[in-house]
Amino acid sequence: MMAKPIKPIVPAIAARPPIRPKGVVDRAVRFRCALTNTILDVLRARGWTEVSGDESQWDLFWADVCWIKESFDHFFMEEHMRVNHFRNHYELTKKNLMNKNLKRLRKQVEKEQGKTESMKWDFFPMSYELPADYHMFVEEFKKYPGTIWIMKPAGRSQGKGIFLFSKLRDITEWKKGEYKPNSDKEKDGDKEPIETYVVQRYIDNPYLIAGRKFDLRIYAMVTTYIPMKAWLYRGGFARLTNTRFSMESLSDNYIHLTNVAVQKTSPDYDPEGCKWSMQQIRQYLTARHGVPAVETLFKNIDEIIIKSLHSVQKTMINNKHCFELYGYDVLIDSNLKPWLLEINASPSLTASNQDDYNLKFALLNDVLTIVDMENRLTGKEKRVGGFDLLWNDGPVVADFGNLENVNSKNFVANSFLGCVNDREQQLKQMFKKLELAQKSSQQSSSQS
């Protein structure tokens, strides 16, 4: 069955509100885009002007990570120019470095605050980098006979190169010092360096929906690391496998990997049934386990996001020209415990169906509103469209109830993952208030 063509729907809110921009005067924002998917539609729908090629006359560049690696350090940016990656984004988004940074901060917390506090960092599976940590891994492997492990290439995505194993002989080629090239082609007689992998304990008790495994794709945005300012998007989705879960076959990727790039190659792949919205997931879990249990689960997911960002705060090269949209992959186990699997610096922006397109269009539109190329915002907003301000050099309190003290037991974080995303209504109200405030300011100036 052929998929329906995805129409570039432009929500009414994409139109520029009637506030005269301060940063870019008498012209539209100029942009350059390295991608040709949903983000390009969003940039054009905002009425911005596209520049192409190697032209540097852009205000915002939605770049790929290759440009960041090759050109960022050699490119002069004017005060207002923005780009969508931090210089060393890979400290958080490359699997081996993410695990290294999380382990380092967990060890520091244990040293400074004790074992009990460090246990709050037990949200990522036991991990080792191969071949560097091969002998350490072997010692751990022998402590837990019968445990299933999963191998992931440190620098690849979309499920490429991932496999499960239970015997050491399955990974002998990663044994340090005894590598045999995968390819018969050797340049200049030198062996090709072995690819770095991360080996993790496989979570063999995932929460199942209709017998199928799933993970969550969650979107977080960072506009600055010093001080840290992080936003969490209300929407997102669950990626379900097309095949019922079983530990009988470790080699069947349709059972164990939720990546859409893997699942869509299944002969009977159902794009509608393999994706649930974040709101559907929250409602489903609430119906089965009740409000308190699900609120605890989502609070723990908030903690994963905040702690992971803190793990690289001192390492990340903060730059006022940079922002980043992260795609978090989180798995929930049968005990409703969330596990961080990986973080993506370039989460897929290609839509699989119309609903997916609408979600990503709205998400990216809100990202650009927060980036605020036209200086329309005050900088004090706690919500912009579907994004809620989760951290602003400290936890952010939700705008309801008697919640003035962050340390209070009644503290409620400004997080609404999986809740109603009435973003269009919120944006209209926000821009209306901004317009009225601007008019009031102009009247006061003219009278004085």
Side-chain angles (χ1 to χ4, degrees), residues 1-15 35-46 157-159 207 209-210 212-221 231-243 254 257-266 268-287 298 301 325-332 344 346-369 384-388 416-428:
M1 180 177 171
M2 291 183 64
K4 295 180 180 179
I6 297 172
K7 300 177 181 178
I9 296 176
V10 181
I13 198 63
L35 306 179
T36 57
N37 49 36
T38 314
I39 181 59
L40 185 58
D41 291 343
V42 174
L43 290 162
R44 289 170 174 170
R46 292 178 75 90
S157 59
Q158 298 184 327
Y207 192 100
I209 294 179
R212 296 183 295 166
K213 178 181 174 180
F214 71 95
D215 69 0
L216 303 178
R217 167 54 60 86
I218 299 165
Y219 296 103
M221 178 183 179
W231 300 78
L232 181 62
Y233 198 65
R234 296 187 173 204
F237 52 86
R239 305 178 297 185
L240 288 80
T241 60
N242 205 52
T243 308
Y254 295 133
L257 304 186
T258 61
N259 307 71
V260 174
V262 172
Q263 292 297 323
K264 70 181 182 181
T265 63
S266 173
D268 56 347
Y269 174 64
D270 175 14
E272 304 295 331
C274 286
K275 266 192 180 180
W276 282 24
S277 71
M278 193 66 69
Q279 191 173 359
Q280 284 177 293
I281 285 291
R282 185 157 189 155
Q283 289 173 344
Y284 177 86
L285 293 172
T286 301
F298 279 78
I301 291 175
L325 175 66
Y326 295 108
Y328 277 73
D329 291 342
V330 174
L331 181 139
I332 302 171
N344 300 275
S346 301
S348 174
L349 303 181
T350 301
S352 58
N353 56 41
Q354 189 66 56
D355 287 340
D356 196 38
Y357 181 89
N358 294 343
L359 165 70
K360 290 173 179 175
F361 190 104
L363 164 75
L364 294 167
N365 204 25
D366 291 346
V367 165
L368 296 176
T369 300
V384 176
F387 276 102
D388 297 288
F416 301 91
L417 182 63
C419 297
V420 174
N421 188 5
D422 53 342
R423 55 175 296 278
E424 292 195 21
Q425 180 182 351
Q426 191 275 337
L427 287 171
K428 288 177 181 177

Open item on the list: Ignoring hydrogens, what is the shortest heavy-atom contact between G385 and Q426? Give both atom names and the distance.
Closed with: N-OE1, 2.7 Å
- [ ] Report yes if the side chains of D329 and I218 come closer than 4.5 Å at any heavy-atom pair, otherwise no.
- [x] no
Open item on the list: So, taking the atom named CG in L43 and the one named CG in N365, what distance separates them when rounded to the nearest 0.5 Å?
Closed with: 9.0 Å
Open item on the list: Can you give me the closest heavy-atom contact between N259 and R239, atom names plus distance?
Closed with: CA-NH1, 4.3 Å
Open item on the list: Contact between Y233 and V367 at the side-chain level, heavy atoms closer than 4.5 Å - yes or no?
Closed with: no
Task: Note, R234 side chain near D422 side chain (heavy atom, < 4.5 Å) - done: yes
Task: CA sep, side-chain torsions, deciding dist, call: L240, D215, side chain to side chain contact (heavy atoms under 4.5 Å, CB included) - done: CA-CA 7 Å; L240 288 80; D215 69 0; over 6 Å; no
Task: Residue pair D366 / W231, side-chain heavy-atom distance below 4.5 Å - done: no
TODO: Answer whether the closest heavy-atom distance between the side chains of R212 and C274 falls below 4.5 Å.
DONE: yes
TODO: Would you name the heavy atoms of Y254 and Q263 that are closest together and state the gap between them?
DONE: O-NE2, 3.1 Å
Open item on the list: Apply side chain to side chain contact (heavy atoms under 4.5 Å, CB included) to residues R46 and T369 and explain how you reach the verdict.
Closed with: CA-CA 10 Å; R46 292 178 75 90; T369 300; 3.4 Å; yes
Open item on the list: For a 4.5 angstrom cut-off between non-hydrogen side-chain atoms, does L364 reach L325?
Closed with: yes
Open item on the list: So, taking the atom named CD1 in I39 and the one named CG in L349, what distance separates them when rounded to the nearest 0.5 Å?
Closed with: 6.5 Å
Open item on the list: If we ignore hydrogens and angles and just use 3.5 Å, is the side chain of N353 paired with the main-chain N or O of D355 as donor and acceptor?
Closed with: yes
- [ ] Check whether any side-chain heavy atom of K360 lies under 4.5 Å from a side-chain heavy atom of S348, and answer yes or no.
- [x] yes
Open item on the list: What's the separation between atom CE in M278 and atom CZ in F416, rounded to the nearest 0.5 Å?
Closed with: 15.5 Å
Open item on the list: Return the CZ to CZ distance between R282 and F298, rounded to the nearest 0.5 Å.
Closed with: 5.0 Å
TODO: Report the C-alpha distance between D41 and Y357 in whole Å, list the side-chain angles of each, state the deciding distance to 0.1 Å, and finish with yes or no for side chain to side chain contact (heavy atoms under 4.5 Å, CB included).
DONE: CA-CA 10 Å; D41 291 343; Y357 181 89; 2.7 Å; yes
Task: Nearest atoms (heavy-atom pairs only) where G159 meets L257 - done: O-CD1, 4.0 Å
Open item on the list: Taking the side chain as everything from C-beta on, heavy atoms only, tell me whether L363 gets closer than 4.5 Å to R423.
Closed with: no
Open item on the list: Rounded at 0.5 Å granularity, tell me how far CG in L417 sits from OH in Y219.
Closed with: 12.0 Å
Open item on the list: Nearest 0.5 Å, please: how far is NZ in K275 from CG in L359?
Closed with: 8.0 Å
TODO: Report the C-alpha separation of F214 and W276 in whole Å, then their side-chain angles, then the decisive distance to 0.1 Å, and conclude whether the ring pair (Phe, Tyr, Trp, His ring centres under 6.0 Å) test is met.
DONE: CA-CA 10 Å; F214 71 95; W276 282 24; 7.9 Å; no
Task: Y328 and Y326 aromatic ring geometry - parallel, tilted or perpendicular at 30°/60° bounds - done: perpendicular
